[in-house]
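Chain letters run A, B, ... following the sequence lines, proteins first, then strands; residues in each count from 1. Side-chain atoms are counted along with the backbone in the values below, which use heavy atoms only and exclude waters and symmetry mates.
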Protein chains: 2
Amino acid sequence: MANKTKYREIMGYIKERIQTGNYAVGSFLPSENELCQQFNTTRTTVRRALEELLREGFIQKEHGRGSKVLERSKSLGLLTVKGFSGAIDYDVNTVISVPPNITSWPTMRSFALSDTEEASDCVYFQRIRNINGKPVVVEDNWYAASVLEPIDAADFVEGSFFKTLSQKHLIEIMGAEQELRAITATAELAKKLQVAVNSPILHITVRFRTSLPELNLYGALYCTTTEYPIRNSYSV
Amino acid sequence: MANKTKYREIMGYIKERIQTGNYAVGSFLPSENELCQQFNTTRTTVRRALEELLREGFIQKEHGRGSKVLERSKSLGLLTVKGFSGAIDYDVNTVISVPPNITSWPTMRSFALSDTEEASDCVYFQRIRNINGKPVVVEDNWYAASVLEPIDAADFVEGSFFKTLSQKHLIEIMGAEQELRAITATAELAKKLQVAVNSPILHITVRFRTSLPELNLYGALYCTTTEYPIRNSYSV
DNA sequence: AAGTGGTCTAGACCACGCG
DNA sequence: GCGTGGTCTAGACCACTTT
């Protein structure tokens, strides 16, 4: 997506080199002065880029030594934050059951919307996660249409929304709040998850915060956990 | 703590004015240029200070308008890791229903024990969390007896096991892994949680890692979430 | 048009790590 | 001593909001 500013261009360049292994984990980036020459700019701008990468957990700075490339999964224990591609150890197949489309916000929400979100339409899509061909999670997702255009279902990187955000829009997940509930399956849910009506269902509502301050991603997950529990992990 | 740098000095000044209400919530800070004059410095430095305040959630910037003072939220990530005292906003009363005692490990577990844990007996205790007098969470806890002696129920700091560990043993929680399941209430659980048999129950099994590498704390939580959902939050 | 924050230039000096 | 990142100066131009 558009690198309108020079510091974003530098960020994107470094991020891409890190993600492809051109800048190896544990090694040091070129020095700020070298990056200045490479991009024909000044330290202020280079430092602006490095600072963002620092905040997003890509690098770590060492005074007098340089900027070191970090293991990218480090602080993200949070499996939920990684999306379900990472949350379950089994072979997961994701089906985009409702492709991204613009609609109005759902009425029932666990989280308050910001003013700008409230004023905007929202982009909605639904995915179903299958394990061994059996549906295990139904996941509704929403975000403000004014902040980010709908992403074409075909453009999803490996079926993952987060990977798509990171690689195509340079947006990283910065944190999340969840609410967890146990509910019983409605007729509709029971059908989608192929379980009996009134089966116990794990209901997770979540708001993900991103490196784009105006952009929150909202999710509502319905999980049948009898065979495959949902795993989370955290690091302090 | 010393304000060695000018941007910290500016930050401290603004933070203090916000916290004492001199800069009212919802109002705009002096403009960057005004702050430059006030502190006899340049915009780079003022902006560095404002940027930190932004990251810490004190202000919000509006292009073309100014920097607005925000409602200060508590937001202290990782509620689960901090234990349930912090997980629920309501008035929570904790009853130690089974005081710490030495027994053998339970047979059903979600996590594999280390060799030293396996070789040791375990300390077990059970707590029930009540909200407004109604039981909401039944929590079983275990840890290896060889690593830490049983803590007397009367010595629990504010009923919190984690606070006790931190304040009396200088042990901090470093992370956790969870498994989440939705189940239906057994007769025994239904009785303890005062709900109908077969009600949906949120079942969380968790292992907390601590700053003592040999010490893991294991938990099994049974939560009735119809009235009070369980909240989690993370930060990257 | 005037004022605000957003980006950027072209320097400077300092503190830290290493040889 | 030299290269690194940390802080800071003194400007400039742009984009956005308000009057």
Side-chain angles (χ1 to χ4, degrees), chain A residues 1-15 18 23-24 26-70 114-116 119-120 146-147 170-171 211-215, chain B residues 1-15 18 23-24 26-70:
Chain A
M1 216 7 73
N3 289 335
K4 271 200 65 167
T5 60
K6 192 168 273 191
Y7 79 86
R8 281 184 188 281
E9 179 194 338
I10 300 172
M11 262 181 76
Y13 172 85
I14 296 177
K15 214 182 253 191
I18 290 178
Y23 289 152
S27 69
F28 286 91
L29 294 183
S31 76
E32 295 179 354
N33 282 317
E34 283 171 324
L35 289 168
C36 287
Q37 288 181 21
Q38 186 175 337
F39 288 94
N40 190 34
T41 184
T42 55
R43 273 187 69 207
T44 310
T45 304
V46 165
R47 285 179 59 77
R48 175 72 198 270
L50 294 182
E51 188 197 301
E52 295 274 338
L53 292 171
L54 180 71
R55 279 210 312 133
E56 295 177 11
F58 282 88
I59 62 171
Q60 160 189 338
K61 294 194 157 198
E62 299 182 15
H63 195 170
R65 304 229 292 155
S67 300
K68 187 189 272 183
V69 178
L70 288 182
S114 72
D115 292 344
T116 48
S120 165
S146 60
V147 182
L170 303 180
I171 294 171
S211 50
L212 241 191
E214 322 89 70
L215 181 62
Chain B
M1 189 55 75
N3 288 336
K4 273 200 65 166
T5 61
K6 192 168 273 191
Y7 80 86
R8 282 184 189 280
E9 179 194 338
I10 300 172
M11 262 181 77
Y13 172 85
I14 296 176
K15 216 183 253 192
I18 289 177
Y23 290 151
S27 68
F28 286 91
L29 294 185
S31 76
E32 295 179 354
N33 283 316
E34 283 170 325
L35 289 169
C36 288
Q37 288 180 21
Q38 186 175 336
F39 288 93
N40 190 34
T41 184
T42 56
R43 274 186 70 208
T44 310
T45 304
V46 165
R47 284 179 60 77
R48 175 71 199 272
L50 294 181
E51 188 198 300
E52 294 275 338
L53 292 171
L54 181 71
R55 279 211 310 133
E56 295 179 14
F58 282 88
I59 63 171
Q60 159 188 341
K61 294 194 157 202
E62 298 183 16
H63 195 170
R65 304 229 292 155
S67 300
K68 187 189 271 183
V69 178
L70 288 181

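- One interatomic measurement links the two molecules: NZ of A:Lys68 to C1' of C:dC16, which rounds to 15 Å at whole-angstrom precision.
- Nearest heavy-atom pair across B:Leu50 and B:Ser67 is CD1-OG, 4.0 Å.
- The side chain of B:Thr45 sits closest to D:dC8 out of D:dG5, D:dC8, C:dT9.
- For C:dT4, neither phosphate oxygen OP1 nor OP2 lies less than 4.0 angstrom from any side-chain nitrogen or oxygen of B:Lys61.
- When side chains are defined from C-beta on, A:Phe39 does not count as touching A:Val46, because their heavy atoms never get closer than 4.5 Å.
- Taking the side chain as every heavy atom from C-beta outward, A:Ile18 and A:Leu53 never approach each other to under 4.5 Å.
- Toward the 5' end of DNA chain C, the nearer of the two residues B:Glu62 and A:Arg43, judged by each one's closest nucleotide, is B:Glu62.
- Rounded to whole Å, the distance from CD1 on B:Ile59 to C1' on C:dT4 is 13 Å.
- Spacing between atom CG of A:Leu50 and atom P of C:dC8 amounts to 14 Å, rounded to whole angstrom units.
- The side chain of B:Tyr7 contributes an N or O atom lying less than 4.0 Å from OP1 or OP2 of D:dT7.
- B:Leu29 places its CG atom 9 Å from the P atom of C:dG5, with the value rounded to the nearest Å.
- The NE2 atom of B:His63 sits 13 Å away from the P atom of D:dC14 (whole-angstrom rounding).
- Following rounding to the nearest Å, B:Glu32 (CD) and D:dA15 (P) show an atom-to-atom distance of 17 Å.
- One finds no side-chain N or O of B:Arg47 lying less than 4.0 angstrom from the OP1 or OP2 phosphate oxygen of C:dG5.
- Here the nucleotide nearest the side chain of A:Arg65, chosen from C:dT7, D:dC8, C:dG17, is C:dG17.
- The phosphate of D:dC8 has neither OP1 nor OP2 within less than 4.0 Å of any side-chain N or O from B:Thr44.
- Taking atom CD on B:Gln37 and atom C1' on C:dT4, their separation rounds to 14 Å, with Å as the unit.
- Dashed line: the shortest gap from a side-chain N or O of B:Arg48 to OP1 or OP2 of D:dC8 is not under 4.0 Å.
- The phosphate of D:dT4 (OP1 or OP2) has a side-chain N or O of A:Ser31 nearer than 4.0 angstrom.
- Following rounding to the nearest Å, B:Ile10 (CD1) and D:dT7 (P) show an atom-to-atom distance of 13 Å.
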- Task: Show your working on salt bridge (Lys or Arg N to Asp or Glu O under 4.0 Å) between B:Lys61 and B:Glu32 and close with a plain yes or no.
- Result: CA-CA 11 Å; B:Lys61 294 194 157 202; B:Glu32 295 179 354; 3.1 Å; yes

- Task: Could you check B:Glu52 against B:Lys15 for side chain to side chain contact (heavy atoms under 4.5 Å, CB included), going step by step and ending with a plain yes or no?
- Result: CA-CA 10 Å; B:Glu52 294 275 338; B:Lys15 216 183 253 192; over 6 Å; no

